[in-house]
2 protein chains.
Amino acid sequence: MTVMQTTPADTARTAPADICSAPPRRHPRADGQDSYTISEVVAFTGLTAHTLRWYERIGLMPHVDRSHTGQRRYSNRDLDWLDFVTKLRLTGMPVADMVRYAELVREGESTYGERRELLESTRRDVLNRIAELRDTLAVLDRKISFYAMEGTTR
Amino acid sequence: MTVMQTTPADTARTAPADICSAPPRRHPRADGQDSYTISEVVAFTGLTAHTLRWYERIGLMPHVDRSHTGQRRYSNRDLDWLDFVTKLRLTGMPVADMVRYAELVREGESTYGERRELLESTRRDVLNRIAELRDTLAVLDRKISFYAMEGTTR
DNA sequence: TATGGGGTTGGAGTGCACTCCAAGCAAGCG
DNA sequence: CGCTTGCTTGGAGTGCACTCCAACCCCATA
């Protein structure tokens with residue numbers, strides 16, 4: 001790893017972010033060869049380059065490193081983080097809250113408790129959303145079956 | 001119904017909207033006595049007066065009637081409609097699509113087919129959302145259990 | 001050496017869904 | 001009568017999450 005010459009300390013500082021979200025995802029390239037351009041990340045994540053740069057500006061990314069010419073080079077860890085962030089996004093969590101979580105990650109292990117609380121409250125939100133959606137589903141099904149009945153002739 | 005002196009034709013034009021969403025909801029006042037001010041509707045629905053007026057402006061309401069002084073008087077039917085609209089909203093359906101649906105309702109029975117299609121596509125969206133949320137839930141649970149393990153000492 | 005395709009920046013612009021404002025009217029009350 | 005409360009309007013403003021722009025740099029290929 002030419003670009004990836006991080007010291008153990010470095011790794012320890014940035015690692016806790018995704019320690020437990022890896023299992024169900026395969027990276028495009030193995031650790032050690034993981035150095036993706038912004039457009040590769042666009043292809044993998046579905047986010048736009050604009051959004052990726054914007055995420056970085058607002059402090060939602062854990063410091064993406066750069067090529068010798070100053071271009072962004074994303075790692076597997078960054079991909080995992082983006083994956084997680086994307087999941088949080090679609091729970092409806094506001095970006096500001098995700099930035100808060102990113103800050104906690106940067107602050108290190110001492111924030112485990114607060115992070116857990118944040119995730120648990122998010123978890124509750126998700127369960128509520130699911131319940132609401134089920135409810136809506138029931139309403140939709142009732143209406144659909146009405147239209148299916150009345151609309152067979154047309 | 002004093003206020004509700006609609007002709008049969010009138011009823012036919014506006015009724016199909018909610019024909020099949022009544023069951024699980026009780027109205028604050030019985031049909032015939034149903035004439036709510038905007039602030040009552042605010043209390044019942046949780047929407048703001050601003051939003052209620054705005055919904056009307058953009059064509060999302062099926063013509064709310066007025067008192068002799070020009071104030072809005074909502075009916076039970078309007079409450080049902082708002083209920084339905086609120087459910088659609090939290091599926092993430094854009095307001096423009098709901099306006100489209102409202103237009104179809106105004107156009108009468110001939111649009112049953114199109115309405116059903118719209119609802120069915122919404123239904124698919126809801127199922128997808130639920131699946132995504134489940135996925136997210138799994139990720140959250142993994143992370144939470146990690147923090148629970150590591151964080152017990154703090 | 002020119003050209004094309006990628007990348008960079010700060011700051012401005014966009015679209016959605018509200019949300020608010022100012023100015024005004026009508027009814028009820030002391 | 002004056003005051004408050006609640007409602008009316010069109011149009012302007014807000015906040016969020018992007019999204020785009022102009023101007024620039026760097027490098028590989030023809």
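Heavy atoms only: backbone and side chains are in, while hydrogens, waters and symmetry mates are out. Order of the sequence lines fixes the chain letters, A, B, ..., with proteins taken first and strands second; residue numbering starts at 1 for each chain.
Here A/R134 pairs with nothing under the salt bridge (Lys or Arg N to Asp or Glu O under 4.0 Å) rule; sequence neighbours left out. Among residues two or more places apart in sequence or in another chain, the side-chain hydrogen bond (donor to acceptor under 3.5 Å, both in side chains) test is passed with B/Q33 by none. When the side-chain hydrogen bond (donor to acceptor under 3.5 Å, both in side chains) test is applied to A/S121, no partner is found at least two apart in sequence or on another chain. The side-chain hydrogen bond (donor to acceptor under 3.5 Å, both in side chains) search around A/D125 returns none, not counting sequence neighbours. Residues that satisfy the side chain to side chain contact (heavy atoms under 4.5 Å, CB included) test with A/T37, not counting sequence neighbours, are A/S39, A/E40, A/R73. With sequence neighbours excluded, no residue satisfies side chain to side chain contact (heavy atoms under 4.5 Å, CB included) with B/A43. Not counting sequence neighbours, the partners of A/E56 by the side chain to side chain contact (heavy atoms under 4.5 Å, CB included) test are A/M61, A/V64, A/R66, A/R72, A/Y74. In this structure, B/T86 has no side-chain hydrogen bond (donor to acceptor under 3.5 Å, both in side chains) partners at least two apart in sequence or on a different chain.
Checking the phosphate oxygens (OP1, OP2) of C/dA27, no side-chain nitrogen or oxygen of B/T69 falls inside 4.0 Å. For D/dT9, the OP1/OP2 oxygens have a side-chain nitrogen or oxygen of B/R72 closer than 4.0 Å. For the OP1/OP2 pair of C/dT9 and a distance below 4.0 Å, the side-chain nitrogens and oxygens of A/R66 include at least one atom meeting the criterion. A/S67 has no side-chain polar atom (N or O) that falls below the 4.0 Å cut-off from OP1 or OP2 of C/dG7.
Residue B/Q71 contributes atom CD, which lies 4 Å from atom C1' of D/dC7 at whole-angstrom precision. Between the CD1 atom of A/I38 and the C1' atom of C/dG6 there is a distance of 11 Å, rounded to whole Å. Rounded to whole angstrom, the span from the CZ atom of B/R53 across to the P atom of D/dG6 amounts to 13 Å.
A heavy atom lying under 4.0 Å from DNA chain D marks none of the residues of residues 123-135 of chain A.
Using a 3.5 Å distance cut-off with no hydrogens or angles, the side chains of B/Y36 and B/D78 do not pair a donor with an acceptor.
Comparing the local axis fitted to the first five base pairs of the helix from C/dT1-D/dA30 to C/dG30-D/dC1 with the one fitted to its last five gives a bend of 20°, rounded to 10°.
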Without placing hydrogens or testing angles, list every side-chain donor-acceptor pair under 3.5 Å for residues 89-100 of chain A, not counting sequence neighbours.
from   : atom 1 : to     : atom 2 : distance (Å)
A/R89  : NH1    : A/M93  : O      : 2.8
A/T91  : OG1    : A/L88  : O      : 2.5
A/T91  : OG1    : A/M93  : N      : 3.2
A/R100 : NH1    : A/E103 : OE1    : 3.3
A/R100 : NH2    : A/E114 : OE2    : 2.6

Nucleotide-resolved protein contact map, nucleotides 12-25 of chain C, B/S/- at heavy-atom distance under 4.0 Å = -----SBBB-----
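Using the six-membered ring where Trp is involved, B/W81 and B/Y101 have ring planes that are parallel, under 30° apart on the 30 and 60° scheme.
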